[in-house]
Asker: 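Below you'll find the structure I mean.
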Amino acid sequence: MPNATFRIWRGDSEGGEFKDYRTEYSEGMVVLDVVHKIQAEQANDLAVRWNCKAGKCGSCSAEVNGQPQLMCMTRMNTLPVERPVTVEPMQAFPVERDLVTDVSVNYEIKKRIKPFTPRPPDREDGTWTMHQSDVERSQEFRKCIECFLCQDVCHVDRDHHYHLDGKFIGPRFFVHAAYLDMHPADEADRLEELKDRDGIGYCNITKCCTVVCPEHITITDNAIIPLKERVADRYYDPLTRVLRVIGVGR
Amino acid sequence: MARTLATVSAHPAVSRRPFLQTARIDRWWSKPLAVFLGLSAFIVYSTWAALQNAHFEFGGYLSPMYSPLIFGDSHHAVLGSLPGWWPGWLPFYPAFLILWAPGGFRFTCYYYRGAYYKSHWASPASCGVGKAQKRYRGEHSFPLIFQNVHRWFLYFALAFLVILSIDVYRGMWFGPSHDEFGIGVGTLVLAVNVVLLSGYTFGCHSLRHLIGGKFNVLSKRPGRLKAWQGVTWCNTRHQLFAWLSLFWVGFTDFYVRMCAMEVWTDLRII
């Protein structure tokens, strides 16, 4: 079996360092498999969060060779093993221990987004009629597994930590807001919060979130930019404001 | 409880990486470098071409960098010769009278913004690469909040498609009096320019919003739904059309210039 050196960050909130582990791996293994092998054979106290091993729970997010990725979806045969494979925790979140980060800030952010606010039911039995073409747009956003890789790679979070300051909700929650705001049955108005409190203006469209999304959600083009345009409609375009007042284009 | 920023910054693994530092081992710098070279080359060429104030027309052909020609001693001039009220101290460069519109459209374009924020501004240079800027305001406040004027440039860009289409029609008329129908290689060059610019303009994110994206229920507006789907098709190829059209605008100017300078011979197909 071939060998590889894994350079894994070991430490906690007080500090830490990279440690090298030389190990064998076999065909078909993913990075998470190798980390588990190292945990079993060389470092029993290595902390790593994981659950489904199928790319659906979003637990094993980390940075492999500097790329935010799910460890369970990163196959060994996609990595150059002639040099050490670097594995480190997500940079945008505080470290708990080793590869485990505290992502609880995301749950706090989610709480402050206005929830689904449906219009009154279309029928007496309390149901709505929705056309497939109308729900398709927001269905894409339902694929999100909340791995928070998009939050990790976004430079507004990663380099400026605006998500921890409460100034920026980050790509994951623009996707969530877009899902709600584009829903054909939703009536809530989230634009003022998106503009002022949630900091959609901080996004400068570098599309890193879209690149790392393991569910291939087109975050920037289908969620963030449409929301930016809705904000522009309301606050930066006097023409659409006039048209709205006189009832044209509704 | 979520950790505070102070806790985060105190930790080496989650504090900021220094400028251009990353654990990435791929050639992350190659794409922003290519964008830097491509955009910079176009800016330099288009500025040079605008400053030339010559060789921008050849028979019925007019360079897109000079179209519409508002004033000038040319049959292409919309309003005739330079008016007498034009201040003598002010140099006259007809290209600069119009280039602000397509230039503004591209400068405020969502694709180009993301591209040049990386390539020219290093904010960030690439995904997961350390930044130089300590403070960050993004497009949240002045001056970049003005990127929201993109839709206004879109309106001008749509008008330019009409103008450049008229130029293609004019490029079909040859002879001293421009009354002899024909198609030359230059006509095709002008036509391809309109096709590529249309692909780029009709894929605009603002257009996608205005044409139908702003509505949550499009099923009751079948015309808008079709239009939105068409714009979405172009939008998914926005980057491709952005580069193809940028290159072709430059090439079209170059083609007309070469013909006008008698370096190249324009071949007649019909």
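Each chain gets a letter, A, B and so on, in the order its sequence line appears, and its residues count up from 1. Hydrogens, waters and symmetry mates play no part in the numbers below; they use all other heavy atoms, side chains included.
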Asker: If you count heavy-atom pairs within less than 4.5 Å of chain A, which of B:T232, B:N216, B:V129 leads?
Answerer: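 Greatest number of close heavy-atom pairs with chain A: B:N216.
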Asker: Side chain, backbone, both or neither: which part of A:C209 has a heavy atom under 4.5 Å from chain B?
Answerer: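 When you check distances to chain B, no heavy atom of A:C209 falls under 4.5 Å.
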Asker: Who among A:R137, A:K207, A:H131 has the most heavy-atom pairs with chain B under 4.5 Å?
Answerer: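 Option with the greatest count: A:R137.
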Asker: Quick one: closest heavy-atom pair of A:D221 and B:R208, and the distance?
Answerer: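 Smallest heavy-atom distance, with atoms named: O-NH1, 3.1 Å.
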Asker: Under the side chain to side chain contact (heavy atoms under 4.5 Å, CB included) rule, what do B:L225 and A:S133 come out as? Steps first, then yes or no, please.
Answerer: CA-CA 9 Å; B:L225 177 61; A:S133 63; 4.0 Å; yes
Asker: Look at A:Y235, A:Y107, A:Y202 and state which one has the largest set of heavy-atom pairs under 4.5 Å with chain B.
Answerer: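 Looking at each of A:Y235, A:Y107, A:Y202 in turn, A:Y202 comes out on top.
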Asker: If I compare all heavy atoms of B:P124 with all of A:T206, which pair ends up nearest, and what's the gap?
Answerer: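 Taking every non-hydrogen atom into account, CD-CG2, 3.9 Å.
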Asker: Do A:D134 and B:L218 have side chains that approach each other closer than 4.5 Å (heavy atoms only, starting at C-beta)?
Answerer: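 Touching, per the 4.5 Å side-chain cut-off.
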Asker: Taking side chain as everything from C-beta outward and backbone as N, CA, C, O, which of these in A:E63 sits under 4.5 Å from a heavy atom of chain B? Side chain, backbone, both or neither.
Answerer: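 For A:E63, the contact with chain B is made by the side chain alone.
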Asker: Picking from A:I225, A:T220, A:I205, what satisfies side chain to side chain contact (heavy atoms under 4.5 Å, CB included) with B:H205?
Answerer: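 The side chain to side chain contact (heavy atoms under 4.5 Å, CB included) with B:H205 is passed solely by A:I225 among A:I225, A:T220, A:I205.
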Asker: Determine yes or no for a side-chain-to-main-chain donor-acceptor pair under 3.5 angstrom, with A:D237 supplying the side chain and B:R151 the backbone.
Answerer: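 No; zero donor-acceptor contacts below 3.5 Å.
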Asker: Crowded around B:F156 CZ? As in, over 12 foreign heavy atoms under 6.0 Å?
Answerer: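 It does not: B:F156 CZ has 12 such atoms or fewer within range.
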Asker: Using a heavy-atom distance cut-off of less than 4.5 Å, which residues of residues 95-103 of chain B contact chain A?
Answerer: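 If one takes a 4.5 Å heavy-atom cut-off, no residue of residues 95-103 of chain B lies near chain A.
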Asker: Looking only at heavy atoms, what is the nearest atom pair of B:S123 and A:N204, with distance?
Answerer: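 Residues B:S123 and A:N204, closest heavy atoms: O-ND2, 3.0 Å.
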Asker: Which heavy atom of A:V153 sits nearest to which heavy atom of B:G128, and what is that distance?
Answerer: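 The answer is CG2-N, 4.2 Å.
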Asker: More than 12 foreign heavy atoms under 6.0 Å from NZ of B:K226: is that the case here?
Answerer: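 Result for NZ/B:K226: open.
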Asker: Heavy-atom count check: over 12 atoms from other residues, nucleotides or ligands less than 6.0 Å from A:K167 NZ?
Answerer: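 It does: A:K167 NZ has more than 12 such atoms within range.
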Asker: Assess whether atom CZ of A:R83 is packed by more than 12 heavy atoms of other residues, nucleotides or ligands within 6.0 Å.
Answerer: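 No.
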Asker: Roughly how far, to the nearest 0.5 Å, is OG1 of B:T236 from CG of A:N222?
Answerer: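 Separation between the atoms: 9.5 Å.
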Asker: For A:S138, is it the side chain, the backbone, both or neither that has a heavy atom under 4.5 Å from a heavy atom of chain B?
Answerer: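 Interface part for A:S138: neither.
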Asker: Can you say whether A:Y162 sits under 4.5 Å from chain B via the side chain, the backbone, both, or neither, judging by heavy atoms?
Answerer: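 Only the side chain of A:Y162 comes within 4.5 Å of chain B.
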Asker: Examine whether an atom of B:Y155 lies under 4.5 Å from a heavy atom of chain A, and if so say whether it belongs to the side chain, the backbone or both; otherwise answer neither.
Answerer: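 The side chain, not the backbone.
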Asker: If I measure from the heavy atoms of chain B, does A:P68 come under 4.5 Å with its side chain, its backbone, both, or neither?
Answerer: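 Neither the backbone nor the side chain of A:P68 comes within 4.5 Å of chain B.
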Asker: Are the side chains of B:K131 and A:R158 in contact, using a 4.5 Å heavy-atom criterion?
Answerer: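 In short, these two side chains do not touch, never coming nearer than 4.5 Å.
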Asker: Which one, A:T86, A:D186, A:D233, leads in non-hydrogen pairs under 4.5 Å with chain B?
Answerer: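 Of A:T86, A:D186, A:D233, A:D233 has the most heavy-atom pairs under 4.5 Å with chain B.
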Asker: Please evaluate residues A:K228 and B:H209 with respect to the criterion side chain to side chain donor-acceptor pair (under 3.5 Å), reporting the C-alpha separation (whole Å), side-chain torsions for both, the decisive distance (0.1 Å), and the verdict.
Answerer: CA-CA 10 Å; A:K228 274 178 169 267; B:H209 168 79; over 6 Å; no
Asker: So which atom in B:G213 and which in A:R230 form the shortest heavy-atom distance, rounded to 0.1 Å?
Answerer: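 Scanning both residues, the minimum pair turns out to be O-NH2, 3.0 Å.
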Asker: Begin with the C-alpha distance, continue with both residues' side-chain angles, and end with the deciding distance and a verdict on side chain to side chain contact (heavy atoms under 4.5 Å, CB included) for B:Y110 and A:E229.
Answerer: CA-CA 11 Å; B:Y110 283 102; A:E229 282 296 310; 2.6 Å; yes
Asker: Heavy atom to heavy atom, less than 4.5 Å: which residues from residues 173-183 of chain A reach chain B?
Answerer: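 Within residues 173-183 of chain A, the residues that come under 4.5 Å of chain B (heavy atoms only) are A:D181, A:M182, A:H183.
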Asker: Taking atom CZ as the centre, does A:R142 end up with more than 12 heavy-atom neighbours from other residues, nucleotides or ligands that are less than 6.0 angstrom away?
Answerer: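 Counting other residues, nucleotides and ligands, CZ of A:R142 stays at 12 neighbours or fewer.
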Asker: Grab the two heavy atoms, one from A:Y236 and one from B:W152, that are nearest each other, plus how far apart they are.
Answerer: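 Between these two residues, the closest heavy atoms are O-NE1, 4.1 Å.
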Asker: Relative to chain A, which segment of B:W121 carries a heavy atom at a distance below 4.5 Å: side chain, backbone, both, or neither?
Answerer: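 For B:W121, neither part sits under 4.5 Å from chain A.
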Asker: Please list, in residue-number order, every residue in residues 133-148 of chain B that has a heavy atom less than 4.5 Å from any heavy atom of chain A; write 'none' if there are none.
Answerer: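 Listed by number: B:Q133, B:K134, B:R135, B:Y136, B:R137, B:G138, B:E139, B:H140, B:I145, B:N148.
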Asker: Heavy-atom count around B:Y169 OH within 6.0 Å, excluding the residue itself: above 12?
Answerer: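 No, OH of B:Y169 has 12 or fewer neighbouring heavy atoms, counting only those of other groups under 6.0 Å.
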Asker: To the nearest 0.5 angstrom, please state how far the CZ atom of B:R113 sits from the SG atom of A:C203.
Answerer: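 The distance works out to 9.0 Å.
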Asker: Which residues from residues 18-35 of chain B are near chain A, with near meaning under 4.5 Å between non-hydrogen atoms?
Answerer: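 Listed by number, the contacting residues are B:A23, B:R24, B:I25, B:D26.
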Asker: Is it the case that over 12 heavy atoms from other parts of the model lie below 6.0 angstrom from the CD atom of A:Q139?
Answerer: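 It does: A:Q139 CD has more than 12 such atoms within range.
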Asker: So what's closer than 4.5 Å to chain B heavy atoms on A:K195: side chain, backbone, both or neither?
Answerer: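 For A:K195, the backbone is the part near chain B, not the side chain.
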